[in-house]
Structures are given as C-alpha cells and as structure tokens.
Amino acid sequence: MIPPDRKEEEVRRLLDTPHPYVPAELAERAAERGRRILRRRRAVHRLLWLLLLAAIVAGLVFAVLEWPDPQPLDTTPPVDTW
C-alpha cells in the first residue's frame, strides 16, 4: 500500500481551514488594474512601432541624400580589343 503523500495532507489541511475574508471591491480593483496594464502595454507597443517606423524613414532619407552620384565620363573608355 502506498503511504499518504505529505504534500497532499498539507493541502487538505489548508483547504479545511476557514477561508480568509475577501474585500467586496477586490474584483473591481483587479479589473481596473488589468485595464491599466493593458493600456500601458498598448501605449508602449505603439511607441515602439512609431520609433521603428521613424528609424526606417530616417534611414531611407539618409540613404537617398548620401547616395553617391555616378561620375559622368568625360571620355570614352579605351578599347583594347578589336
């Protein structure tokens, strides 16, 4: 026969005790906190996407402005074979 598990006995003992008092507004506070966390997370994500977009636009503008222009050829290149 398998001896009783010590952890299971501890859990059963904890569950048999009277449950602690839960404030009535706990659910409302938890929901409000969840909404705040979601708002903050969405704002951070929007800011990061905006920064990424700004970095891409700045990189493209920099590339367009600093792209070297091909030098016009003053003479034709020498032809060695014919």
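The analysis underlying the following values was restricted to heavy atoms, covering all of them including side chains, and did not include hydrogens, waters or symmetry mates.
Side-chain heavy atoms closer than 4.5 Å link hydrophobic residues (I, L, V, M, F, W, Y) into clusters, and following such links, possibly through other members, connects Leu65 to Val57. A single hydrophobic cluster is seen to contain both Trp49 and Ile56, as judged by linkage of ILVMFWY side chains at heavy-atom distances under 4.5 Å, directly or through other members.
Annotation: the span from Arg46 atom CZ to Leu48 atom CG amounts to 12.5 Å, rounded to 0.5 Å. Distance check: Thr17 OG1 to Leu15 CG gives 7.5 Å after rounding to the nearest 0.5 Å.
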Next item on the list: Could you go through the side-chain contact (heavy atoms from CB on, under 4.5 Å) check for Glu10 and Leu14 one step at a time?
Entry: CA-CA 6 Å; Glu10 288 179 16; Leu14 283 173; 5.6 Å; no
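Of the charged side-chain nitrogens involved, none lies within less than 4.0 Å of a carboxylate oxygen, so that Glu9 and Arg13 do not count as a salt-bridged pair.
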